[in-house]
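Throughout, residue positions are numbered sequentially from 1 according to the sequence presented.
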Amino acid sequence: TIRYRNRANTSLLHLIYNHLTMANHGPEYGLDAELKAKRDALYDPALEAEAKQFIQSVTGTSVGDFHEELKSGVVLCNLMNKLYPGKVGKVNNGKMPFVQMENISNYLAACGSVGLATHDLFQTVDLYEAKNMNQVVTNILSLKRKSGK
């Protein structure tokens with residue numbers, strides 16, 4: 001952990017970090033739009049429902065809006081800790097974006113440590129910014145298979 005001498009530097013760094021990681025990219029055009037359309041067309045609500053049901057059966061947490069409920073990373077960290085106790089050391093309940101993304105990163109690291117294949121993982125922004133929810137669903141269902149639940 002880096003410590004700063006005054007709060008102004010810390011606030012400025014958080015502002016810069018949030019700007020760089022949470023930039024509003026606007027609408028997608030050209031190839032990006034085509035790729036997004038393909039990803040959206042492949043999204044299977046039945047697989048999402050299976051992932052939601054798995055999360056609820058293991059954690060007891062009901063998942064409504066898939067993206068919004070998982071975005072903070074808390075539900076995923078709790079899921080991992082229920083399946084593999086102690087795999088995610090600290091679960092942060094804060095509302096700051098960098099705290100939520102840290103939860104997602106900790107969950108992904110735990111997925112790697114329990115043996116999930118790299119192609120079954122997702123990038124933090126895939127979930128946090130809903131860039132590729134297909135991969136998030138794939139990850140959760142892979143974890144389900146791995147855990148045998």
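Residues passing the side-chain hydrogen bond (donor to acceptor under 3.5 Å, both in side chains) test with Lys95, sequence neighbours excluded: none. By the side-chain hydrogen bond (donor to acceptor under 3.5 Å, both in side chains) test, Ser72 is found to be paired with no residue, residues two or more places apart in sequence or in another chain being considered.
In terms of heavy-atom proximity, Asn103 sits nearest to Lys90 at OD1-O, 4.3 Å. The nearest pair of heavy atoms linking Leu121 to Gly112 is CD2-N, 4.5 Å. In this structure, Glu129 and His67 approach most closely via the heavy-atom pair C-NE2, 4.2 Å. Between Lys87 and Val114, the shortest heavy-atom distance links the atoms CE-CG1, 3.7 Å. Taking every heavy atom of both residues into account, Ile104 and Leu127 meet most closely at CD1-CD2, 3.8 Å.
No side-chain heavy atom of Lys131 sits less than 4.5 Å from a side-chain heavy atom of Gln123. Side chains of Val137 and Phe66 form a contact here, defined as non-hydrogen atoms less than 4.5 Å apart. Side-chain atoms of Leu76 and Met80, non-hydrogen and from C-beta on, never get closer than 4.5 Å to each other.
Comment: Lys144 engages Glu50 in a salt bridge, judged by a side-chain N to carboxylate O separation of less than 4.0 angstrom.
A donor-acceptor contact under 3.5 angstrom links the side chains of Tyr107 and Asn139, judged on distance only.
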Apply the test side chain to side chain contact (heavy atoms under 4.5 Å, CB included) to residues Tyr84 and Leu143: give CA-CA distance (whole Å), side-chain angles for both, the deciding distance (0.1 Å), then the verdict.
-> CA-CA 11 Å; Tyr84 302 96; Leu143 183 61; 4.1 Å; yes

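Using modelled atom types, one side-chain atom of Lys52 and one backbone atom of Gly64 make a donor-acceptor pair closer than 3.5 Å.
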